Amino acid sequence: MAGVLRAEPLWVETFTGLRMRQFEGLLRVVRERGGNGPGGGRPWCLPLADRVLLVAVYYRTNLTMRQLAPLFGVSPATVCRVIQRLRPLLALEPALQPANAADRLWIVDGTLIPVRDRTVGASSRNYRFSANVQVIIDADTKLVVATARPAPGNKADAHVWRNSGLPAQCQGVMVLGDGAYINTGLIVPHRKRQGRPLLPGEEADNAEHRKVRARAEHAFARMKNYKILRDCRQRGDGLHRAVQITAFCNTL
């Protein structure tokens with residue numbers, strides 16, 4: 001059975017939202033990380049470019065493997081094997097300590113992602129079964145620097161942040177957070193106290209804080225263009241990989 005989708009500009013840009021230049025960068029990274037190396041057994045029935053396209057389409061559209069199979073002319077089992085093989089190679093690499101850490105500004109924020117895996121998520125304030133995902137964004141480049149493993153969606157942002165392992169990656173870097181991160185060592189807005197209104201200087205500080213921190217919301221909006229983050233059906237590490245992959249694709 002012949003497939004329809006191939007790694008050509010028309011199909012790449014239509015089904016993944018990536019420009020051909022960005023897709024070629026994605027393909028180059030996968031090749032450098034050993035995506036076309038020997039895997040043992042029979043050779044793949046799709047070339048590497050089509051396999052990378054398959055994975056990108058899967059995360060962008062959130063189609064099921066049974067729906068993707070006829071589009072590429074392969075079986076659902078082959079689609080599953082391709083995704084399992086390539087998704088670790090498309091993940092965002094761990095953040096390194098920047099050389100000019102004292103001059104950098106990072107922003108941390110959390111978002112709720114609906115999941116099907118009951119071992120990962122929990123019933124949360126968005127009235128859905130969700131997971132809390134913490135992400136660090138560079139304020140200058142507006143790109144994702146690091147992501148944490150998902151936590152149940154009923155956990156507070158401050159609690160998830162403390163147990164995420166991300167604070168260790170922020171040593172020496174100034175990090176902004178919203179009011180949910182009070183008493184975590186991050187830079188948070190001034191709080192109103194009962195009977196004590198904010199001073200004029202504090203109001204101005206909060207306005208500037210909101211203006212900068214909005215870049216994190218913009219990053220989340222770009223990531224959620226990948227529909228797998230609107231209803232993740234994968235289990236185990238699937239959501240964590242999905243967040244890393246969508247973050248990496250937005251850096252291209």
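Only heavy atoms go into these numbers, but all of them, side chains included; no hydrogens, no water, no symmetry mates. Model, not experiment: these values are computed from the prediction.
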If you round to the nearest 0.5 Å, how far is [atom2] of [Y] from [atom1] of [X]?
| X | Y | atom1 | atom2 | answer |
| --- | --- | --- | --- | --- |
| Glu24 | Arg19 | CD | CZ | 13.5 Å |
| Ser130 | Asn154 | OG | CG | 10.0 Å |
| Ile245 | His240 | CD1 | NE2 | 10.5 Å |
| Leu18 | Leu27 | CG | CG | 12.0 Å |
| Leu89 | Asn36 | CG | CG | 11.0 Å |
| Asp50 | Leu5 | CG | CG | 9.0 Å |

Is there a donor-acceptor pair under 3.5 Å between the side chain of Arg51 and the backbone N or O of Leu46?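 Looks like yes, one N/O pair under 3.5 Å.
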Any donor and acceptor pair, going by atom type alone, linking the side chain of Asn163 with main-chain N or O of His159 inside 3.5 Å?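 At least one qualifying donor-acceptor pair exists.
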For a quick check under 3.5 Å, do [X] and [Y] share a side-chain donor-acceptor pair by atom type?
| X | Y | result |
| --- | --- | --- |
| Lys224 | Thr111 | yes |
| Glu208 | Asn206 | no |
| Asn225 | Arg60 | no |
| Arg241 | Gln84 | no |

At their closest point, which heavy atom of [X] faces which heavy atom of [Y], and how far apart are they?
| X | Y | answer |
| --- | --- | --- |
| Pro76 | Arg66 | CG-CA, 4.2 Å |
| Ala180 | Ala158 | O-CB, 3.3 Å |
| Leu54 | Phe72 | CA-CZ, 3.4 Å |
| Arg213 | Gly177 | CD-C, 3.8 Å |
| Phe15 | Thr61 | O-CG2, 3.8 Å |
| Leu229 | Met223 | CD1-O, 3.7 Å |

How about [X] and [Y]: do any of their side-chain heavy atoms sit closer than 4.5 Å?
| X | Y | value |
| --- | --- | --- |
| Glu13 | Met20 | yes |
| Arg233 | Met65 | no |
| Asp140 | Leu105 | no |
| Glu203 | His190 | no |
| Asp231 | Arg128 | yes |
| Gln134 | Asn132 | yes |
| Arg215 | Leu143 | no |
| Phe220 | Asp109 | yes |

Is it possible for you to check whether Arg33 lies under 6.0 Å from the centre of the six-membered ring of Phe248, through NZ or CZ, and within 45° of that ring's axis?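 Geometry flag: set, cation within 6.0 Å and 45°.
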Under 6.0 Å from the six-membered ring centre of Phe129 and within 45° of its axis: does the NZ or CZ of Arg116 meet both?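 No, Arg116 does not sit over the ring of Phe129.
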Worked check of side chain to side chain contact (heavy atoms under 4.5 Å, CB included) between Val82 and Tyr58: CA-CA 11 Å; Val82 170; Tyr58 172 72; over 6 Å; no
For the hydrophobic clusters of this structure (ILVMFWY residues joined by side-chain heavy atoms under 4.5 Å, transitively), does one cluster hold both [X] and [Y]?
| X | Y | result |
| --- | --- | --- |
| Leu53 | Leu90 | yes |
| Leu92 | Leu166 | no |
| Leu252 | Trp11 | yes |
| Val144 | Leu176 | no |
| Leu86 | Val12 | yes |

Show your working on salt bridge (charged side-chain N to carboxylate O under 4.0 Å, His left out) between Asp178 and Arg210 and close with a plain yes or no. CA-CA 8 Å; Asp178 60 20; Arg210 287 193 299 270; over 6 Å; no
Pair Arg230-Asn62, side chain to side chain contact (heavy atoms under 4.5 Å, CB included): steps then yes or no: CA-CA 9 Å; Arg230 301 181 189 180; Asn62 204 21; over 6 Å; no
Given Thr78 and Cys45, is the side chain to side chain contact (heavy atoms under 4.5 Å, CB included) satisfied, shown in steps? CA-CA 9 Å; Thr78 298; Cys45 57; 3.9 Å; yes
Pair Val55, Val52 - check side chain to side chain contact (heavy atoms under 4.5 Å, CB included), show working. CA-CA 5 Å; Val55 177; Val52 173; 5.9 Å; no
Any chance you could lay out the salt bridge (charged side-chain N to carboxylate O under 4.0 Å, His left out) test for Glu202 and Arg196, step after step, and finish with the verdict? CA-CA 12 Å; Glu202 293 176 336; Arg196 176 187 173 276; 3.4 Å; yes
